Visitor: 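For reference, the structure I am asking about is given below.
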Amino acid sequence: MAEHALQQLRLDEKAQEEVSVEKQQENEASALVAPQEEGTTPTPLATAAACAQAQCDHPPLGPGPCACVRIKTLKLKQKSAEGLSPEEETEFAELAEPLWVSEQMLRVRRNDPTLKELRLGGRGLTSAQVLDLFTALVQNTSVKRLILGAIQIDEPAAAVLCHVIKVNTTLAKLNIHGAKLSRPSAEQLHEALKSNNTLKTLGTDNGFVDTAFQILRARNNDPSLHRLALRCTYPASHYGLCCDLNDALMCDIAEALKANTFVTHLSASKGTLRAQGTEALTMLIRSNTTLASVDLGACVFETTDALRAALKENTTLTKFVARDERLNFILQLNCLKRNDPRLVKLELTIKDDNFPADSGVLLADALKENTCVKSLSCFASRSFYHRRPQSVFGEAGAVALVEVLKANKSLLISELKLIDCSIGVAGALALAELLKTNTTLREIDVTRNDLTPAGVAALTEVLWNNATLTRFAADTPSLGLIVQINCVSRNERCFCGIFDTRGLTDEHAIRLAEGLLQNTFVTRLRINLLHLKDTGLIALTKAIATNRFLQALYLDGDRAQQPEVQKGLVHFFRMLGENGTVERLEIMGSSLDDEVVASLGEALKTNTVLKKLALDSCRLDDAKVVVLATALEYNSTLSTLSLRYNTFKSSGISALAHTLQVSMALTELDLGSRSDTTAAGLDALAEALQVNLSLRKLTLGVIHHDYNARRKLAEIRVMLQDPVRQAAAGGWN
């Protein structure tokens, strides 16, 4: 015990000597902390009291040594072989943090010329320490970067911070991101920033303060500020004000941007502008020559007459977003008429309730001499409550637009979207005439339009001969299908699959088969069997048998077991034995008869490429599953089998269980969410799993009606999680 006390005394003496040497090297042996200003509360470790032993500025810790000596003692003991006890570790942590903060505060008050950056984020500063820090910064001329983070800035501290922002000419970066500010404090900072010309970076969560800083930078013509964005703060109760656009704020922004030459984008999410704010925005649009886009989101204007006139005359803006979408429409027409090269992609939303009745014609007139637009999208949204039978874009607008595209040879539009524009037979016929000669259009979207049978017939005839389109979207699926088939026939490099084959007929299937014979890029193909007969399916089967690039096939649509389709499916499954590339086959929602299942079984016996087979909702009963299970005993490559939503019961499950005992190829078996599985079927599966160690995933669902079945299902799940099985199967997917 005496030896331990003697060792502790020696450590204390050594620590005192080291601290004294450090103080002498800094020429601060007799320096005391500057007296506290009247009315402030001194911090516990920064009180002006000199320690006689170490001649430092920290107070004694009761009868023992001062804080810095005690920390030195603990550091020395930490490095020794003995180390620190848990109690000493806690003491060290409690002393080191506030002591470091105290030392930094001393350096700020003394205006230490070597202190250029101060990081106090996450240090747990008290309100008194924050006030003390801001007070010291008033006279400080050394600190250039101050990072505080999430601290509590009460109103007295905020008042001092505002004074710092006004008078301190050294501070260039201030980060109070996460600091909690009251509404009055945010307003004070907003006003104080108007008097600052040296602050370059301000990090804050408060949208009101952030906006004030951005306005400051804009007024100073900061070359790094290109986007002035007003952002809302959430939740407002925590951080002060949300930055909604109002008249006063708009006037400040307009004044700051009057002579600015770098800001190109102005945005605000919401707000209301009355006469004064609208007038300020109008004057900004008339005078500023740098702004390229104004996005005011859901902002509401009291009056827009003067603003519309200014947008018609503006020569720099290309985008103006507000709740009143007529303003953007006016600006876009202006850009089209002046042939602005920045407007390459034109997107318009034309609402019936406030747009001119001839909006489509006005758009066509503006495009007569334009040569820059490459993509045109127009969505004519009709009011839900006051839905008119015709959109304001209308038939006349569609016809006028098509005529302009035919006449203006310099307008090379590649993408055209006219959605819900009330295009009828006249518009469809005009579009068909355009496609006879146009060689630039690549994508067309005319969904939500009534093209009428006559218009569809005209477009069908033209599309079969079109050599440039890669996509045609319409409410009639066959039109888009024709374009996809043309892409296959042209061997388009960018076209790798056909997924929407609704309306596939024998004519489509035969042409598609001809294209697949020479195509080298299509790897995925979906075939809808609803309108297909055996002629088309057999033609596709022959093409797929010779194609060496297809990897995935999807079939669906024949729920009625049409005899002609079933005949075609027999030929289709026989093809699987000849094709050497298809690795995935999925058939969904198509009833398969006995002959079709038998042909599929024969194909599975000889196929060595197929890895995944899904026969979901195919009305497979026990007899059909027995045929498939028997065939799989001879297959060594199929690893995934899905039989969800079928009608087989215990006999089918027992047949699959027998296959699992004979063949080790399957790693995943999905039998769907079956609630009618009996204990007998589960017993067979459990017995198979004792032999088969390659199956990693088995899906059976939840069983409610049979206690024995539920118990057996739990045992199977435990077996599947066995580490030995996982190791044998090479791990889990």
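These figures come from a predicted structure and were not determined experimentally.
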Visitor: Would N491 and T520 satisfy side-chain hydrogen bond (donor to acceptor under 3.5 Å, both in side chains), going step by step from the backbone distance to the final call?
Guide: CA-CA 7 Å; N491 203 17; T520 59; 3.1 Å; yes
Visitor: Backbone N or O of L641 within a donor-acceptor pair of the E668 side chain at under 3.5 Å?
Guide: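 No.
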Visitor: Among I482, L481, V488, find the one that has a side-chain contact (heavy atoms from CB on, under 4.5 Å) with I485.
Guide: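 Going through the options one by one, the only one that passes is L481.
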Visitor: Could you go through the side-chain hydrogen bond (donor to acceptor under 3.5 Å, both in side chains) check for T264 and H226 one step at a time?
Guide: CA-CA 5 Å; T264 58; H226 301 291; 5.2 Å; no
Visitor: Does a sphere of radius 6.0 Å around NZ in K312 hold more than 12 heavy atoms from other residues, nucleotides or ligands, not counting ones at 6.0 Å or beyond?
Guide: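 Atom NZ in K312 is not crowded, with 12 or fewer foreign heavy atoms closer than 6.0 Å.
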Visitor: Less than 4.5 Å apart, side chain to side chain, heavy atoms only: is that true for R442 and R471?
Guide: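 In short, these two side chains do not touch, never coming nearer than 4.5 Å.
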Visitor: Which is it for C378 and C421 under the side chain to side chain contact (heavy atoms under 4.5 Å, CB included) test, yes or no, and what are the steps along the way?
Guide: CA-CA 8 Å; C378 182; C421 290; 4.2 Å; yes
Visitor: Please report the interatomic distance CZ(F573) to CG(L555), rounded to the nearest 0.5 Å.
Guide: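 Rounded to the nearest 0.5 Å, the CZ-CG separation comes to 6.5 Å.
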Visitor: Under a 4.5 Å cut-off applied to non-hydrogen side-chain atoms, are L569 and L537 in contact?
Guide: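 When only atoms from C-beta onward are counted, L537 and L569 do touch, with a gap below 4.5 Å.
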Visitor: Counting distance only, does the side-chain N/O of N449 pair as donor-acceptor with the main-chain N or O of L451 below 3.5 Å?
Guide: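 No, N449 side chain to L451 backbone: no donor-acceptor pair under 3.5 Å.
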Visitor: Can you tell me if N646 uses its side chain to pair, donor with acceptor, with the backbone of R619 under 3.5 Å?
Guide: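 Yes: the side chain of N646 pairs with the backbone of R619.
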Visitor: Does the pair K533 and D506 meet the rule for a salt bridge (charged side-chain N to carboxylate O under 4.0 Å, His left out), with working shown?
Guide: CA-CA 6 Å; K533 306 300 180 184; D506 281 354; over 6 Å; no
Visitor: Kindly compute the distance separating CG (N334) from CG (L317), expressed to the nearest 0.5 Å.
Guide: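 N334 atom CG to L317 atom CG measures 9.0 Å (nearest 0.5 Å).
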Visitor: May I have the step-by-step check of side-chain hydrogen bond (donor to acceptor under 3.5 Å, both in side chains) for S599 and R574, ending in yes or no?
Guide: CA-CA 6 Å; S599 64; R574 288 173 182 171; 5.7 Å; no
Visitor: Looking only at atom types and distance, does a side-chain atom of N370 sit under 3.5 Å from a main-chain N or O of L336, one as donor and one as acceptor?
Guide: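 Confirmed, N370 side chain pairs with L336 backbone.
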Visitor: Measure from the side-chain N and O atoms of D450 to the backbone N and O of G424, and report whether any donor-acceptor pair falls under 3.5 Å.
Guide: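 Answer holds: no.
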Visitor: With side chain to side chain contact (heavy atoms under 4.5 Å, CB included) as the criterion, how do I419 and V446 come out once you've worked through the C-alpha distance, each side chain's angles and the decisive distance to 0.1 Å?
Guide: CA-CA 5 Å; I419 303 172; V446 288; over 6 Å; no
Visitor: When rounded to the nearest 0.5 angstrom, what distance separates CD in E325 from CD1 in I330?
Guide: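 One gets 12.5 Å once the value is rounded to the nearest 0.5 Å.
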Visitor: With heavy-atom distances below 4.5 Å as the criterion, would you say the side chains of T440 and L405 are in contact?
Guide: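 No - every pair of side-chain heavy atoms lies 4.5 Å or more apart.
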Visitor: Evaluate the side-chain proximity of L416 to D445: yes if any heavy-atom separation is below 4.5 Å, no if none is.
Guide: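 In short, these two side chains do not touch, never coming nearer than 4.5 Å.
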Visitor: With a 6.0 Å cut-off on ring centres, are F355 and F329 close enough?
Guide: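 Close enough - the centres of the two rings lie under 6.0 Å apart.
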Visitor: Whether the N339 and T371 side chains hold a donor-acceptor pair (N or O, under 3.5 Å, no angle test) is what I'd like checked.
Guide: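 Side chains of N339 and T371: pair found under 3.5 Å.
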Visitor: Measure the spacing between SG of C618 and CD1 of I587 and express it to the nearest 0.5 Å.
Guide: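 Interatomic distance, C618 SG to I587 CD1, rounded to 0.5 Å: 6.0 Å.
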Visitor: Checking the side chain of T581 only, and the main-chain atoms of Q551 only, is there a donor and an acceptor separated by less than 3.5 Å?
Guide: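 A pair under 3.5 Å: no.
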Visitor: Tell me whether D475 is salt-bridged to R448, with the criterion being a basic N under 4.0 Å from an acidic carboxylate O.
Guide: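 Salt bridge: no.
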Visitor: Would you say R227 has more than 12 foreign heavy atoms packed within less than 6.0 Å of its CZ?
Guide: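 Atom CZ in R227 is not packed in, count stays at 12 or less.
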Visitor: K542: which residues meet the salt bridge (Lys or Arg N to Asp or Glu O under 4.0 Å) condition with it, sequence neighbours left out?
Guide: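 Listed in chain order: nothing, the list is empty.
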Visitor: Can a donor-acceptor pair be found, under 3.5 Å and without considering hydrogens, that links the side chain of D616 to the backbone of A614?
Guide: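 No: the side chain of D616 does not pair with the backbone of A614.
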Visitor: If you measure only the distance, is there a donor-acceptor pair under 3.5 Å linking the side chains of S293 and H265?
Guide: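 There is such a pair between these side chains.
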Visitor: Would you indicate whether the side-chain heavy atoms of L459 and L435 approach each other to under 4.5 Å?
Guide: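 Yes. Closest side-chain heavy atoms under 4.5 Å.
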Visitor: Knowing that exactly one of L291, L311, N314 qualifies, which makes a side-chain contact (heavy atoms from CB on, under 4.5 Å) with F320?
Guide: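 Running side-chain contact (heavy atoms from CB on, under 4.5 Å) over L291, L311, N314 with F320 returns exactly one hit, L311.
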Visitor: Identify which one of L429, I444, L441 satisfies the side-chain contact (heavy atoms from CB on, under 4.5 Å) criterion when paired with L434.
Guide: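 That would be L441.
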Visitor: Going by heavy atoms in the side chains, are L656 and L666 under 4.5 Å from each other?
Guide: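 No. Closest side-chain heavy atoms not under 4.5 Å.
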Visitor: Quick check: do V582 and V609 have side-chain heavy atoms less than 4.5 Å from each other?
Guide: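 No, their side chains stay 4.5 Å or more apart.
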Visitor: Would you confirm whether D340, through its side chain, and R342, through its main-chain N or O, come within 3.5 Å as a donor-acceptor pair?
Guide: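 Flag set: sc D340 to bb R342 pair under 3.5 Å.
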Visitor: Could you grab the distance from atom CD1 of I653 to atom CZ of F648, nearest 0.5 Å is fine?
Guide: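 Spacing of CD1 (I653) from CZ (F648) equals 6.0 Å.
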Visitor: What is the minimum heavy-atom distance between E395 and G427, and which atoms define it?
Guide: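 Answer, listing the atom of E395 first, then G427: OE1-N, 2.8 Å.
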Visitor: Would you find more than 12 non-hydrogen atoms of other residues, nucleotides or ligands less than 6.0 Å from K406 atom NZ?
Guide: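 Counting neighbours around NZ of K406, more than 12 heavy atoms of other residues, nucleotides or ligands fall under 6.0 Å, so yes.
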Visitor: Please test D594 against V627 for side chain to side chain contact (heavy atoms under 4.5 Å, CB included), starting from the C-alpha separation and ending with a verdict.
Guide: CA-CA 9 Å; D594 294 338; V627 172; over 6 Å; no
Visitor: Check whether any side-chain N or O of D621 sits under 3.5 Å from a backbone N or O of K624 as a donor-acceptor pair, and report yes or no.
Guide: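 Indeed, once roles are kept as given, a pair shorter than 3.5 Å links the two residues.
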Visitor: Take I510 and L540 through the test side chain to side chain contact (heavy atoms under 4.5 Å, CB included) and record every step on the way to the result.
Guide: CA-CA 7 Å; I510 292 171; L540 280 174; over 6 Å; no
Visitor: Between R511 and E514, does at least one N-O distance fall below 4.0 Å, as a salt bridge requires?
Guide: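 Looking at R511 and E514, the cut-off is not met.
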Visitor: Within the supplied structure, the quantity of interest is the number of heavy atoms (other residues, nucleotides, ligands) at a distance under 6.0 Å from E461 CD; does it exceed 12?
Guide: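 No.
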Visitor: Can you spot which of T640, L604, N635 makes a side-chain contact (heavy atoms from CB on, under 4.5 Å) with L613?
Guide: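 Testing L613 for a side-chain contact (heavy atoms from CB on, under 4.5 Å) against T640, L604, N635 leaves exactly one candidate, L604.
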Visitor: Evaluate the side-chain proximity of E586 to K612: yes if any heavy-atom separation is below 4.5 Å, no if none is.
Guide: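 With C-beta onward as the side chain, the pair touches.
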Visitor: Under the ring-ring contact (aromatic ring centres under 6.0 Å, His included) rule, what pairs show up with a residue in residues 456-487, not counting sequence neighbours?
Guide: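 Non-adjacent pairs meeting ring-ring contact (aromatic ring centres under 6.0 Å, His included): W464-H508.
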Visitor: Test of understanding: with ring pair (Phe, Tyr, Trp, His ring centres under 6.0 Å), list the residues that count as partners of F572, not counting sequence neighbours.
Guide: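 Testing F572 for ring pair (Phe, Tyr, Trp, His ring centres under 6.0 Å), a comparison that skips the adjacent residues, returns none.
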Visitor: Under a plain distance cut-off of 3.5 Å, with no hydrogens placed, do N528 and D556 share a side-chain donor-acceptor pair?
Guide: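 D556 vs N528: donor-acceptor pair found between side chains.
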Visitor: If I take atom CG from residue L362 and atom CZ from residue F393, how far apart are they, to the nearest 0.5 angstrom?
Guide: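 Rounded to the nearest 0.5 Å, the CG-CZ separation comes out at 10.5 Å.
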Visitor: Please check: side-chain N/O of E443 versus main-chain N/O of E415, any donor-acceptor pairing under 3.5 Å?
Guide: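 No.
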Visitor: Among L346, L363, V373, T318, which one satisfies side-chain contact (heavy atoms from CB on, under 4.5 Å) with Q332?
Guide: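 Looking at L346, L363, V373, T318, the match for Q332 under the side-chain contact (heavy atoms from CB on, under 4.5 Å) is L346.
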Visitor: Quick one: closest heavy-atom pair of M575 and A545, and the distance?
Guide: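 Taking every non-hydrogen atom into account, CG-CB, 3.4 Å.
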